[in-house]
Novice: 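After the structure tokens below, expect a handful of questions from me.
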Amino acid sequence: MVAPDVVFGPEDERFQPLVDYAVAGNGDKSCLARWDCRAPEGLLALVQELRELYIEYQKKRVHMVDDARVAFELSTVLSKEGIEVCMVPSADRPDEVKFAVPLLDPDFDFAKLVPGCPWRLPQKIHLQVIFPISRSSSYSSMPSAPRLKLISTPDLKSLLSVEDVKLLPWSNGMCLAEYLPALEDSLNGLLVEASASIGSRRRFIEALAPTFGRPLEADPIFCRRATILSISGIFTFLVHFAIPLQFPKQQPVLTLQSSQHCNADGTPIMSPPINDYPWSPRWDQAEMVERIYDFLTDECQNFKKFCSDAITQQK
């Protein structure tokens with residue numbers, strides 16, 4: 001029935017948005033002052049309000065930092081839409097300033113890259129840049145390079161894993177305004193390549209049908225997974241294909257699942273992941289599938305014995 005309490009850490013004791021509202025004479029505009037427990041969007045509106053206020057609070061804190069390089073970076077890139085900055089206090093090392101720089105245009109349309117794209121929320125990629133604060137007020141000594149890291153929204157990992165993206169080197173004396181254009185161009189190219197990779201994975205899944213039969217299941221959007229049913233004599237088993245983003249440079253990971261053997265808790269017995277079979281990214285999809293089929297012809301016998309041994313050990 002009443003508005004929630006919001007608790008911030010001790011390092012943010014100066015963040016008092018309601019006090020600031022009152023001083024400005026517009027405290028009645030806060031979501032807390034207009035709290036209505038019957039409004040389903042009330043908590044979301046409160047979080048959004050506090051987030052916007054907290055961003056402005058952190059900007060003020062960063063602007064007060066006595067560091068020539070941080071001041072220069074603020075003057076050159078802070079006008080970029082969507083950029084955020086904050087202080088990173090530390091007990092065992094100098095304080096730092098963290099920049100979060102959006103690398104995709106706000107109107108970037110993933111639906112054009114990924115037909116049937118299921119994402120309802122905007123997908124984002126940020127460059128996280130952490131500058132150590134120097135106590136010197138000049139550039140007399142060359143400042144150290146910042147720590148750089150790419151961060152994306154979780155859903156985007158189905159298309160592109162930013163953890164695998166090799167960042168461009170940071171040259172001595174470089175600033176963000178110089179670093180960003182080349183990184184943005186590189187990232188746009190990687191997204192186009194990632195989109196093209198979907199087509200390659202889709203053709204591989206389609207090539208399974210003539211040899212293994214139509215897949216029981218397959219990922220129709222990103223083409224990262226497929227499952228086929230296979231039979232060797234009276235032994236029936238499933239083959240799960242986990243197709244990596246780097247396909248065909250990296251081969252699919254195979255996992256076999258018995259349709260006839262279960263472990264003690266009643267779940268089907270599965271093999272360890274398999275990726276040590278013959279593979280070449282230069283083969284066409286049909287040959288890739290044929291080589292996997294030949295490999296599984298022998299491997300399924302090993303898996304059958306593995307299942308039988310597991311059942312024997314349970315008795």
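One-based numbering along the sequence shown.
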Novice: Assign the ring pair W170 / Y179 to parallel, tilted or perpendicular, where the plane angle (0 to 90°) is split at 30° and 60°.
Specialist: tilted

Novice: Would you find a donor on one side and an acceptor on the other, under 3.5 Å apart, between the side chain of Q58 and the backbone of M87?
Specialist: yes

Novice: Ignoring hydrogens and angles, state whether a donor on the side chain of D164 or Q246 is under 3.5 Å from an acceptor on the partner side chain.
Specialist: yes

Novice: Please determine whether the number of non-hydrogen atoms from other residues, nucleotides or ligands lying under 6.0 Å from atom CD of E11 exceeds 12.
Specialist: yes

Novice: Are a donor atom and an acceptor atom from the side chains of S152 and Q123 found within less than 3.5 Å of each other?
Specialist: no

Novice: How long is the gap from CG on L113 to CD on E193, to the nearest 0.5 Å?
Specialist: 12.0 Å

Novice: Rounded to the nearest 0.5 Å, what separates atom CD1 in I269 from atom CZ in F237?
Specialist: 14.5 Å

Novice: Are any of the side-chain heavy atoms of R202 and Q285 separated by less than 4.5 Å?
Specialist: no

Novice: Does Q260, at its CD atom, have more than 12 non-hydrogen atoms belonging to other residues, nucleotides or ligands within less than 6.0 Å?
Specialist: yes

Novice: Does R38 come within less than 4.0 Å of D36, counting only side-chain N to carboxylate O?
Specialist: yes

Novice: Parallel, tilted or perpendicular: which fits the ring planes of Y54 and F8, with parallel below 30° and perpendicular above 60°?
Specialist: parallel

Novice: Do the side chain of T76 and the main chain of E73 share a donor and acceptor less than 3.5 angstrom apart?
Specialist: yes

Novice: Between E287 and D284, is there a donor-acceptor pair closer than 3.5 Å when you use the side chain of the first and the backbone of the second?
Specialist: no

Novice: For atom NZ of K80, decide whether the heavy atoms of other residues, nucleotides or ligands shown that lie under 6.0 angstrom number more than 12.
Specialist: yes

Novice: Can a donor-acceptor pair be found between the side chains of D294 and Y277 at a distance below 3.5 Å?
Specialist: no

Novice: Report yes or no: do D155 and T153 form a side-chain donor-acceptor pair below 3.5 Å?
Specialist: no

Novice: For the hydrophobic clusters of this structure (ILVMFWY residues joined by side-chain heavy atoms under 4.5 Å, transitively), does one cluster hold both V114 and L187?
Specialist: yes

Novice: Kindly give the heavy-atom pair with the smallest separation between D67 and V70, and that separation in Å.
Specialist: OD1-N, 2.8 Å

Novice: Is E163 salt-bridged to K157, cutoff N-O under 4.0 Å?
Specialist: yes

Novice: Quick test of your reading of the model: are E56 and K59 salt-bridged, counting only N-O distances below 4.0 Å?
Specialist: yes

Novice: For I243, does its backbone N or O pair with a side-chain atom of R224 as donor and acceptor, under 3.5 Å?
Specialist: yes

